[in-house]
Amino acid sequence: MPKGVTPRSQDYARWYTDVVRKAQLADYGPVKGTMVIRPYGYAIWELLQQAFDRRFKATGHVNAYFPLLIPMSFFSKEASHVEGFAKEVAIVTHYRLRNSPDGSGVEVDPDAKLEEELVVRPTSETIIWSMYKQWINSYRDLPILINQWANVVRWEMRTRLFLRTSEFLWQEGHTAHATAAEADEETRKMIEVYREVAEDEMALPVIVGRKTEAERFPGALDTWSIEAMMGDRRALQAGTSHNLGQNFAKAFDVTFRTEENEQEFVWASSWGVSTRLVGAMIMAHGDDQGLRIPPRIAPIQVVVVPIYKEEDFSRVMQAASALAAELEQLGIRVKLDDRDNMSPGFKFNDWEMKGVPVRVELGPRDLDADTATLARRDTDGKTTVALDSVAPAMPALLDEIQASLFQQALDFRAEHTHTPDDYDTFKELIKEGGFIRCGWDGDPATESAIKAETKATIRSIPIDENPTGLRCIYSGQPAKHEVIFARAY
RNA sequence: CGGGGCGUGGCGCAGUCCGGUAGCGCACCUGCUUUGGGAGCAGGGGGUCGUAGGUUCAAAUCCUAUCGCCCCGACCA
């Protein structure tokens, strides 16, 4: 096995795959497009889950679970929803296997065909709204603020570990409201939660904004997203929140009695983030040494590597485990690397690949001087510090690394965000990747012409847009919106 | 679905053109020496060469079919 990873500059896609596998985040599953999330990768997901779940609860949401299998007929109820997902659903048609006649194995039992075929959920709007119909009668039943953590299946043609797999893990919030204003408020509130987790926990700067009609969720009135820039300057949609209006209520005939005893359709929102975020973290922060995980979502925040010759073994190990215990007391996720079959040099590279924010090296020379050697993953080089200061200073150091990774990502994004005045410049700039912030006349035809010519799409109509005085980069007409163009994942 | 590539010990590959006893590196196991940036030496175990047919005295190698995976494009969180 080659020692490092393919350099990013040489082949970014291969760098990504190398890092995922060498850092032991995930492996390919036996079925095309499937992924095994290994313990280290899953630990990151769990920390993300906690960060989100805490905030969902704090904003009044509760968790529930709806079934994986959905009657196929449900999918015919919301026209644009069908159109959006029909091409990529897995369908269950039978419920039994039998031994094949030639004795070579098993086969589908043709006698066990289902009356109504079942769809493996690609998303749960339909099954959830079929239930909401039963649960909602009056304005007193509203709002319903339910989230579920689940897996979904979308039969993708092209897959990539974490970014797009046939099956992935996510959360999907599905809310029901009495008024349009409430549904809109909910949609905005949750995209703000996503922004906060992305920026504060993942150190991932994102652009909050709305999607154009072309990029909107099938069945939504309005889609909000957070968009991030990856290390190859491409855009990644990291989370979405949809104002579904009354579309699903109408499709599933979900009405309620208002205070005025009027019959009205329910207003809805849905919002989700997925294991794709792990991919976002890898591509936003990783370097040619491997992962760089922001401390708040790092399964291991500090690794202690003891260095010893035989005669130093016991005093080094003693000091190392004392230090690890002291760090743990402070609530820091610490790992003492006591593997004795690997050299220190191997361990340094190994933990760098795995993106651990801080490494503490402790050897005889350090102990003689009452010092420890510190290596930060976000910067190069090592420093020597007093041993008894390591633990007390660690929480602040982790905060500093968190902030530094955010700043690095922010600087990178700023460096690769441009505001050209004419379309020729636009075309030149987009070849290099990055974001282009410019005017758009609001015409879908303009959007699709630009896509056809440059592969760039409108990623976002930023929440802080200011189209006043701007002209459309393509048509030269007065701009209706200020938008972000980019090539995207 | 179009284009390309690849299926050979756990992983990465050579061998295929030109048929003739299946090899290399890493990993693994044992022992000794090592340990401050991917340790060294010695010994050892492990593969019906994706699958199914065919040609041949003989097939990883030639022929036919088939399955799978990866990469690039059209669609998507």
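Letters A, B, ... mirror the listed sequences (proteins, then strands); counts begin at 1. These figures come from a predicted structure and were not determined experimentally.
- R154(A) comes within contact range of at least one nucleobase, with a heavy-atom separation under 4.0 Å.
- Interface remark: the K309(A) side chain does not form any donor-acceptor pair with the G36(B) base, using a distance-only criterion of under 3.5 Å.
- Counting only heavy atoms from C-beta on, A13(A) has its side chain closest to C72(B) among G36(B), A77(B), C72(B).
- G46(B) is unpaired under the criterion used here, namely a Watson-Crick or G-U wobble arrangement in which both key atom distances are under 3.5 Å.
- Nearest nucleotide to the I307(A) side chain, out of U35(B), A77(B), G37(B): U35(B).
- In this structure, the nucleotide among A77(B), G37(B), U35(B) sitting nearest to the side chain of Y308(A) is U35(B).
- To the nearest whole angstrom, the two P atoms, one in U8(B) and one in G50(B), are 6 Å apart.
- Across G36(B), A39(B), A77(B), the shortest atom-to-atom separation from the side chain of S274(A) is found for A77(B).
- Rounded to an integer number of Å, the gap from CH2 of W155(A) to P of C1(B) is 14 Å.
- For U61(B), there is no paired base (Watson-Crick or G-U wobble, both distances below 3.5 Å).
- A cation-pi arrangement, defined by a distance under 6.0 Å to the six-membered ring centre and an angle within 45 degrees of its axis, is present between K77(A) and F74(A).
- Using P as the reference atom, U51(B) and A60(B) are 11 Å apart when rounded to the nearest Å.
- Minimum atom distance to the side chain of Y28(A) is reached by C70(B), of the listed C70(B), A39(B), G37(B).
- Atom CZ of R359(A) and atom P of G37(B) are 10 Å apart (whole Å).
- Nucleotides G7(B) and G12(B) place their P atoms 11 Å apart, quoted to the nearest Å.
- Nucleotide C6(B) forms a Watson-Crick or G-U wobble pair with G68(B), both donor-acceptor distances falling under 3.5 Å.
- A gap of 15 Å separates the P atoms of U66(B) and G3(B), to the nearest Å.
- Candidate nucleotides C75(B), G37(B), A74(B) were compared by shortest atom distance to the side chain of K455(A), and A74(B) ranks first.
- Between F426(A) and F485(A), the gap from one ring centroid to the other is short of 6.0 Å.
- Applying the side chain to side chain contact (heavy atoms under 4.5 Å, CB included) criterion to D11(A), with sequence neighbours excluded, gives T6(A), A13(A), R14(A).
- The partner of U55(B) is absent, by the rule that a Watson-Crick or G-U pair needs both atom distances under 3.5 Å.
- Only the C1' atoms considered, G10(B) is 7 Å distant from A27(B), to the nearest whole Å.
- Among A77(B), G37(B), C71(B), the nucleotide with an atom closest to any side-chain atom of E352(A) is G37(B).
- Taking atom C1' on both A22(B) and C49(B), the two are 8 Å apart, rounded to the nearest angstrom.
- Between the side chains of S269(A) and T175(A), at least one donor N or O lies within less than 3.5 Å of an accepting N or O.
- Nucleotides G45(B) and U61(B) place their C1' atoms 28 Å apart, quoted to the nearest Å.
- Judged by distance alone with a 3.5 Å cut-off, no donor-acceptor contact links the side chain of D350(A) to the base of G38(B).
- Distances were taken from every side-chain heavy atom of S343(A) (C-beta onward) to each of A77(B), G37(B), A39(B); the shortest belongs to A39(B).
- Residue-level contact check: T165(A) touches the bases, meaning some heavy atom is under 4.0 Å from a base atom.
- With sequence neighbours excluded, the residues that form a side chain to side chain contact (heavy atoms under 4.5 Å, CB included) with F348(A) are V305(A), I307(A), P344(A), R359(A), E361(A), K382(A).
- Taking atom C1' on both C41(B) and G15(B), the two are 29 Å apart, rounded to the nearest angstrom.
- The aromatic rings of F217(A) and H242(A) sit parallel, their planes meeting at an angle under 30°, below the 60° perpendicular limit.
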